[in-house]
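Heavy atoms only: backbone and side chains are in, while hydrogens, waters and symmetry mates are out.
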Amino acid sequence: MTTPPPGAPAAPPGPATPGTAPGAPATGPGTGVHRRAPADTAPAGTLPGAGSAATAAEPPALLRLTWVQPEDLVGHELRQAAEDGRDVRVFAARWAAAGGGPAPATAGASPVPRPHLRAPAGELLDALAALPSPLAADEPDRLDAILPVRPAGRTATAAGPGLRARLHAAWLGRAAGCLLGKPVEKLPLAALRALARAGGNWPLDGWFTARGVPAALLAAHPWNRRSAGTSLAENVDGMPEDDDLNYPLLNLLLLQRYGRGFTTADVARLWLDELPAGRAFTAERIAYRNLLDGIEPPLTAVHRNPFREWIGAQIRADVHGWTHPGAPEAAAAQAYRDAVLTHTANGVYGAMFVAGTVAAAASGTADVHQALAAGLGVVPPRSRLARAVRLGIATARATACFDTVVDQLHATLGGYHWVHAVPNAALLAAALTHADGDFSRSICAAVSGGWDTDSNGATAGSVAGLLAGHPDRLPARWTSPLKNRLSTSVAGFDGIGFDALAELTHLEAVRP
């Protein structure tokens with residue numbers, strides 16, 4: 001996909017050159033801030049007037065907080081509006097006339113501070129949010145319109161003695177799939193393929209490595225800077241922190257503190273208590289900011305939030321499925337209450353789809369195709385996400401070469417941002433379908449398809465781990481390097497083992 005020129009409305013989803021995935025990093029640990037010192041100022045961190053290196057006439061270094069500043073959100077909202085079918089030409093012209101440009105191409109904040117645009121950007125975001133979407137009838141927001149039938153509860157058989165082992169395999173699978181995708185997160189598809197081939201690892205079948213990769217290729221396509229030191233074959237040493245693991249931990253805490261009857265407000269309370277703001281990104285950071293501004297859920301999901309249909313809620317959904325084995329509708333309903341803190345429409349459906357798929361896989365009686373069908377059954381059938389999932393499944397069934405499957409999906413859905421829920425759900429469904437339940441093929445296919453590599457690898461690993469049924473059935477090349485150790489900034493969990501996490505999750509799954 002191509003970033004639109006300054007002031008132009010974003011193009012609706014459509015064909016894109018396979019392998020193009022411009023965008024901003026949406027996941028992974030980090031502070032999420034950028035300091036920029038103008039060239040004629042004192043070094044970053046020096047206060048104006050402190051010593052002879054700065055004078056009162058010199059502007060201070062500016063803190064650029066990613067994902068929340070209005071002038072950086074308008075381009076994303078124009079694109080979101082175009083995807084919704086809203087006519088934004090007048091608004092795009094107003095933004096151009098004010099001197100605004102497109103969304104930041106490679107970061108959550110524009111490289112040059114533009115505080116003079118903050119006021120008009122805020123007004124424009126509010127005006128765009130008031131535009132009705134012509135897709136609303138096919139993409140409802142109310143739970144009773146999404147799931148009109150009262151969800152059934154868990155079955156006693158599904159919560160039987162084999163569940164603990166399935167959950168252990170699911171935690172390990174989620175970690176391994178996430179770790180596999182971490183070093184290539186946000187890289188274009190062509191770069192991902194080139195790096196793997198140079199390392200003798202294509203079709204993808206193991207951890208990425210820098211060994212044997214030409215320096216020029218690494219310089220042109222560097223690994224994700226926050227992950228290179230912890231997620232290559234030569235340096236994996238336990239599971240490093242990642243939001244794809246932090247959110248399952250938070251949802252485990254959510255169930256421990258509030259039980260199955262938790263409300264969306266309870267999710268908000270837990271985040272404010274336990275989630276460091278710097279560990280939240282895109283829609284989650286917007287919602288966090290909204291909470292601090294006194295905005296109550298579900299308005300937290302819609303106020304100046306152009307990321308409301310991205311993948312964030314989807315990566316929080318596994319625990320809802322893990323704790324509802326054999327009950328995909330109930331899992332999806334629980335995931336809904338979590339997701340609406342931060343997301344709407346397809347962003348919520350992505351969470352419900354994953355929760356339903358995981359719940360079916362957790363039963364111990366469904367194969368991967370039945371699990372995907374269960375997940376598809378809990379989202380609106382005419383929504384863009386449901387259509388994309390059906391496309392992913394159909395393409396995978398009809399095409400022997402998975403690279404060709406990926407190219408077709410990128411050609412059809414590459415107009416979306418690489419973190420949007422719609423293309424990533426299609427890729428996830430295609431990878432799981434093509435792998436037919438095989439663990440290694442599942443995580444490798446999900447990651448090799450590009451887009452949000454660590455998130456898709458994590459979810460694929462969770463589903464495939466459940467289907468494997470026991471941690472001993474997962475290949476040791478994926479589980480041994482994890483060393484049964486998870487690093488996290490979520491208090492009380494740093495260094496915990498995946499066996500212990502399985503036990504805690506099992507307690508919530510069988511709690512009356």
Side-chain angles (χ1 to χ4, degrees), residues 27-30 162-182 207 226-227 229-231 235-259 262 267 270-280 284 315-323 325 338 358 362 439 443 454-455 457-466 468-474 476-511:
T27 59
L163 179 60
R164 185 184 289 103
R166 292 196 293 275
L167 293 173
H168 189 180
W171 272 106
L172 286 168
R174 183 163 186 83
C178 174
L179 188 57
L180 176 63
K182 279 174 72 68
W207 308 110
R226 295 192 181 114
S227 304
T230 58
S231 56
N235 57 36
V236 173
D237 184 22
M239 181 63 201
E241 180 169 14
D242 192 275
D243 58 347
D244 289 286
L245 276 296
N246 281 348
Y247 284 116
L249 297 177
L250 288 165
N251 276 340
L252 189 54
L253 280 177
L254 179 71
L255 294 177
Q256 290 174 343
R257 292 186 185 180
Y258 299 104
F262 72 84
V267 181
L270 181 80
W271 284 20
L272 293 173
D273 286 343
E274 304 295 347
L275 176 63
R279 294 297 189 265
E284 283 71 19
I315 71 174
R316 311 197 311 254
D318 284 50
V319 168
H320 304 306
W322 289 342
T323 55
D338 175 7
V358 168
F439 181 81
I443 62 173
D454 62 334
S455 296
T459 305
S462 170
V463 174
L466 290 167
H470 195 282
D472 292 347
R473 297 175 193 150
L474 305 184
R477 72 179 189 275
W478 299 117
T479 58
S480 294
L482 301 176
K483 297 186 176 178
N484 197 32
R485 185 178 70 243
L486 171 63
S487 297
T488 180
S489 56
V490 179
F493 286 105
D494 189 42
I496 195 169
F498 296 103
D499 52 353
L501 288 170
E503 178 63 30
L504 293 173
T505 308
H506 184 260
L507 289 174
E508 296 308 314
V510 300
R511 186 199 289 195

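With Asn235 contributing its side chain and Ser231 its backbone, the two residues share a donor-acceptor pair below 3.5 Å. Glu508 contributes no side-chain N or O that, together with a main-chain N or O of Leu252, makes up a donor-acceptor pair within less than 3.5 Å.
When all heavy atoms of Glu241 and Lys182 are compared, the pair lying nearest together is O-NZ, 3.4 Å. Between Ala476 and Pro481 the shortest heavy-atom distance is O-CD, 3.7 Å. In plain terms, the two heavy atoms of Ser455 and Asp244 that are nearest each other are OG-OD1, 2.9 Å. In terms of heavy-atom proximity, Gly238 sits nearest to Leu179 at O-CD2, 4.4 Å. For Ile443 against Gly457, the heavy-atom pair with the smallest separation is CG2-O, 3.9 Å. Pairing each heavy atom of Gly321 with each of Ala362, the nearest pair is O-CB, 4.2 Å.
Here the CZ atom belonging to Arg164 is positioned 7.5 Å from the CG atom belonging to Leu507, to the nearest 0.5 angstrom. Rounded to the nearest 0.5 Å, atoms CZ (Arg316) and CG (Asn246) are 12.5 Å apart. Rounded to the nearest 0.5 Å, atoms CG (Leu270) and CZ (Phe262) are 10.0 Å apart. Here the CE atom belonging to Met239 is positioned 8.0 Å from the OG1 atom belonging to Thr230, to the nearest 0.5 angstrom. Note that the CD1 atom of Ile496 and the OG1 atom of Thr488 stand 10.0 Å from one another [nearest 0.5 Å]. Put simply, OG1 on Thr479 and CG on Asn484 are 10.0 Å apart, with the number rounded to the nearest 0.5 Å.
When side chains are defined from C-beta on, Arg257 counts as touching Asp273, because their heavy atoms get closer than 4.5 Å. Contact of the Thr323 side chain with the Asn251 side chain is not registered, since no non-hydrogen atoms from C-beta on lie closer than 4.5 Å. Side-chain atoms of Leu254 and Val319, non-hydrogen and from C-beta on, never get closer than 4.5 Å to each other. Leu501 places a side-chain heavy atom less than 4.5 Å from the side chain of Leu249. Within the 4.5 Å cutoff, the side chain of Leu245 has heavy atoms near those of the Trp171 side chain. Residues Leu466 and Arg174 fail the side-chain proximity criterion, which asks for heavy atoms closer than 4.5 Å. The side-chain heavy atoms of Leu504 and Phe493, taken from C-beta on, include a pair separated by under 4.5 Å.
With sequence neighbours excluded, no residue forms a ring-ring contact (aromatic ring centres under 6.0 Å, His included) with Phe498. Scored by the salt bridge (Lys or Arg N to Asp or Glu O under 4.0 Å) test, Arg477 finds Asp205 as partners (sequence neighbours excluded). Contacts of Asp472 classified as side chain to side chain donor-acceptor pair (under 3.5 Å), with partners at least two apart in sequence or in another chain: none.
In summary, Asp237 and Lys483 engage in a salt bridge, as defined by a charged side-chain N under 4.0 Å from a carboxylate O.
The aromatic rings of Trp478 and Phe439 sit perpendicular, their planes meeting at an angle over 60°, well past the 30° parallel limit.
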Start with the C-alpha distance between Tyr247 and Leu275, add both sets of side-chain angles, then the distance that settles side chain to side chain contact (heavy atoms under 4.5 Å, CB included), and finish with yes or no.
-> CA-CA 9 Å; Tyr247 284 116; Leu275 176 63; 4.0 Å; yes

